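Just below is one structure, and these are the notes that go with it.
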Amino acid sequence: MTNTGDVVAGAGGFQADVESLKSEGTNFVKLSDDFSSSVARLMDGLHKLNAGPPSNGKEKAPPEKSLGEQFLSGLTTFDSKDGAPPWGDDELGENFGVVYEGVRDGMYESMGHLAAKFQEIGKALTSMSKNHAENEDFNDSLMKQHVENKRAWRDPTVDGDVRTSITPARH
């Protein structure tokens with residue numbers, strides 16, 4: 001997009017500004033879509049590792065284990081740890097999980113908010129391009145109108161009807 005100091009007078013500079021705004025609006029909307037799909041891929045990848053909810057938000061809560069089941073699962077092989085989070089289900093793993101899940105959930109929320117803001121910026125830039133085009137068209141139509149102003153200044157050397165109180169020197 002051009003800086004206002006760089007705007008070229010005439011329709012060419014104006015049209016370039018409108019097209020630039022429209023193009024950047026489209027780019028931001030595409031960026032929002034790309035970012036949203038990347039976030040969904042990240043969420044789904046973490047979900048496959050049992051480290052977070054899926055991107056569709058339809059997560060089933062894991063069934064609660066009794067104290068006996070928890071004890072037994074601690075005595076069995078790694079195959080029985082299928083439902084356990086990747087960081088483990090011991091005390092240290094649980095402490096890590098609490099911190100990890102808080103950070104992860106905050107990150108998911110902020111990334112969703114960022115994607116929505118990208119979308120808003122894109123739509124605002126597109127709207128700005130339309131408003132800019134309408135404003136330029138309106139200003140152009142005003143500039144093409146001629147309204148006689150009897151009180152406006154007229155050059156006395158060109159217009160013979162203009163009377164001046166100062167007489168030019170004659171050589």
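Position 1 is the first residue of the sequence; numbering continues from there. None of these values were measured; they are calculated from a predicted model.
Atom CG of L21 sits about 6.5 Å away from atom CG of D17, to the nearest 0.5 Å. The NZ atom of K22 lies 13.0 Å from the CG atom of N27; values are rounded to the nearest 0.5 Å. With rounding to the nearest 0.5 angstrom, the CE atom of M143 is 10.5 Å from the OG atom of S141. Note that CG of L125 and CZ of F28 are 6.5 Å apart. Values are rounded to the nearest 0.5 Å.
A chain of hydrophobic side-chain contacts below 4.5 Å, direct or via other Ile, Leu, Val, Met, Phe, Trp or Tyr residues, connects I121 to L31. Both M128 and F118 belong to a common hydrophobic cluster when Ile, Leu, Val, Met, Phe, Trp and Tyr are linked at side-chain heavy-atom distances under 4.5 angstrom. Criterion: ILVMFWY side-chain heavy atoms under 4.5 Å apart, direct or through other members. Under it, L114 and M43 are part of a common hydrophobic cluster.
Using a cut-off of 4.0 Å between Lys/Arg side-chain N and Asp/Glu carboxylate O, K48 and D44 are scored as not salt-bridged.
W87 places a side-chain N or O within donor-acceptor distance of the main-chain N or O of G93, the cut-off being under 3.5 Å.
With sequence neighbours excluded, the residues satisfying side chain to side chain donor-acceptor pair (under 3.5 Å) with K144 are D140.
Applying the side chain to side chain donor-acceptor pair (under 3.5 Å) test to residues at least two apart or on different chains, none of the pairs has a partner in residues 90-115. Sorted by first and then second residue, the pairs that involve residues 114-134 and meet side chain to side chain donor-acceptor pair (under 3.5 Å), not counting sequence neighbours, are S32-Q119, K117-E120.
A heavy-atom distance below 4.5 Å is found between the side chains of M111 and L42.
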